[in-house]
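First comes the structure, then the notes that go with it.
Throughout, a chain's letter reflects where its sequence line sits, starting with A, and its residues are numbered from 1. Quick note: numbers below take in every heavy atom, side chains included, and nothing from hydrogens, waters or symmetry partners.
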Number of protein chains: 2
Amino acid sequence: MDRRQRRTRSLIFTAFSTLLERKSYTSMTVQDIIDEADIGRSTFYAHFETKDELLKALCIEIFEHVFSDELLSEENHDFSHHSTFKDRITHILYHLQEKQQSIKGLFSGECGEVFLRYLKEYLYCVFDEHIIVKDNIPRDYAMDIAVAAFSETVRWWLKGHSDYTPEEISRFYFESVDI
Amino acid sequence: MDRRQRRTRSLIFTAFSTLLERKSYTSMTVQDIIDEADIGRSTFYAHFETKDELLKALCIEIFEHVFSDELLSEENHDFSHHSTFKDRITHILYHLQEKQQSIKGLFSGECGEVFLRYLKEYLYCVFDEHIIVKDNIPRDYAMDIAVAAFSETVRWWLKGHSDYTPEEISRFYFESVDI
DNA sequence: CTGTTACCGCACACTATGTTCTGTATCTAT
DNA sequence: ATAGATACAGAACATAGTGTGCGGTAACAG
């Protein structure tokens, strides 16, 4: 990827994140982002088709990191091979904590729901591998609840209670959801 | 309230609901609603300031019914005095089932999240009265999870699994969430 | 019967969007 | 180092949707 492209892409992302801290997503216009990033109009549209695509791209960039397995070895926390489901969850929470600053803005207002929707998609894959469901409950229901409760946990944590540790959050989650 | 006003309001609501079954909320324009309802442009704006206000008004109209206590006496189900929390929940599920047709369209796409956000506001009040939280878990966390899990339950139920009875749904919920 | 109110429908200013074009700067490969 | 490709700036443009304003008509309430 061209250096100029990376630079512009980065300018747009940071402008977008910065604006999210003062403006709501829907009230924010493409023009606002262009002005904040200080780039040409056509340049923006060369990178992203719409404002929604920009949001999606930013979310994906964050999740690529949060759910990446490559980074495990680089970690100082010893979750090299996720023996238990709880370890895997705690590990994801650690990664989310690292990206806290980037994520915080995304929670504000309407795009918080978009962020959490994308988060759920990734979580669904992780949970699908580990979850064991009681036989008197439909599996897809249990999945939905487990994922929704976890994404709500993340929202609660990073939006005003970020002083708790990943381990504590993990404990809260597993004591509240019966899976 | 004037008969003409009620008529127009109703026309707008039904037009909006009808459109939601073919178009997504964001792609839907005020003009679309006006055309579908077959009313004048200025008439729409005399009733609702924005599209969002319309959505809000529709949600509120539904919830006013679902969470109303007056209707209890009219019910054939005997939940006259909600002795237990579970009874109260089951009762709400019955009311949601009645409004199923109106609600179904609201789940599609982006406005589903708006609907669920408003639903959560009402649920928060109900849960706040009944919930008893373990002392090693923050109360506001437990509340958030309980409410989020229930709203997700409602989404799952009405969006593709509406063949289950309110009692079954209630059981699923209380077996999955540990409160 | 009369004053009030809601509606129609048309027009208008305004804002944001997405595209297109030309010239310039920056990168890449031979 | 030079040549061709690519990304960017800046401006112009058509398009579409928004919200408001006004005169005329029909329905309502007392």
### Task
Return the nearest nucleotide to the side chain of A:Arg3; candidates are D:dA9, C:dC27, C:dA6.
C:dC27

### Query
In residues 5-40 of chain A, what residues come within less than 4.0 Å of DNA chain C, judged by heavy atoms?
A:Thr29, A:Val30, A:Gln31

Side-chain donor-acceptor pairs of residues 10-17 of chain A under 3.5 Å, sequence neighbours excluded:
| from | atom 1 | to | atom 2 | distance (Å) |
| --- | --- | --- | --- | --- |
| A:Thr14 | OG1 | A:Ser10 | O | 2.9 |
| A:Thr14 | OG1 | A:Leu11 | O | 3.1 |
| A:Ser17 | OG | A:Phe13 | O | 3.1 |

### Query
Can you list the steps and then say if A:Lys23 with A:Glu36 is a salt bridge (Lys or Arg N to Asp or Glu O under 4.0 Å)?
CA-CA 12 Å; A:Lys23 282 179 89 90; A:Glu36 178 71 29; over 6 Å; no

### Query
So does A:Lys99 pair up with A:Glu61, basic N to acidic O under 4.0 Å?
no

## Note on the structure
Residue set satisfying ring pair (Phe, Tyr, Trp, His ring centres under 6.0 Å) with A:His47, at least two apart, ordered chain then number -> none

Only pairs under 3.5 Å count here: list side-chain donor-acceptor contacts from residues 51-59 of chain B, not counting sequence neighbours, and write none if there are none.
| from | atom 1 | to | atom 2 | distance (Å) |
| --- | --- | --- | --- | --- |
| B:Lys51 | NZ | B:Tyr25 | O | 2.8 |
| B:Lys51 | NZ | B:Met28 | O | 2.8 |
| B:Asp52 | OD1 | B:Tyr25 | OH | 2.5 |

### Query
Distance from B:Trp156 atom CH2 to B:Phe172 atom CZ, nearest 0.5 Å?
5.5 Å

Every protein N/O within reach of nucleotides 2-5 of chain D N/O, cut-off under 3.5 Å:
none

### Interatomic distance, A:Phe44 CZ vs C:dA16 C1' [rounded to whole Å]
13 Å

### Message
Here's a test of your reading of the structure: between B:Lys51 and B:Met1, which maps to the more 5' nucleotide of DNA chain D?
### Response
B:Lys51

### Task
For atom CD of A:Gln100, decide whether the heavy atoms of other residues, nucleotides or ligands shown that lie under 6.0 angstrom number more than 12.
yes

### Salt bridge present between B:Glu168 and B:Arg171 (N-O < 4.0 angstrom)
no

### Message
Does A:Arg117 have more than 12 heavy atoms from other residues, nucleotides or ligands lying within 6.0 Å of its CZ?
### Response
yes

#### Entry: Phosphate-side-chain proximity, B:His47 and C:dC7, N/O vs OP1/OP2 below 4.0 Å
yes

### Query
Is it true that B:Arg7 and B:Asp2 make a salt bridge, defined as a side-chain N closer than 4.0 Å to a carboxylate O?
no

Can you pull every protein N or O that's under 3.5 Å from an N or O on nucleotides 11-13 of chain D?
none

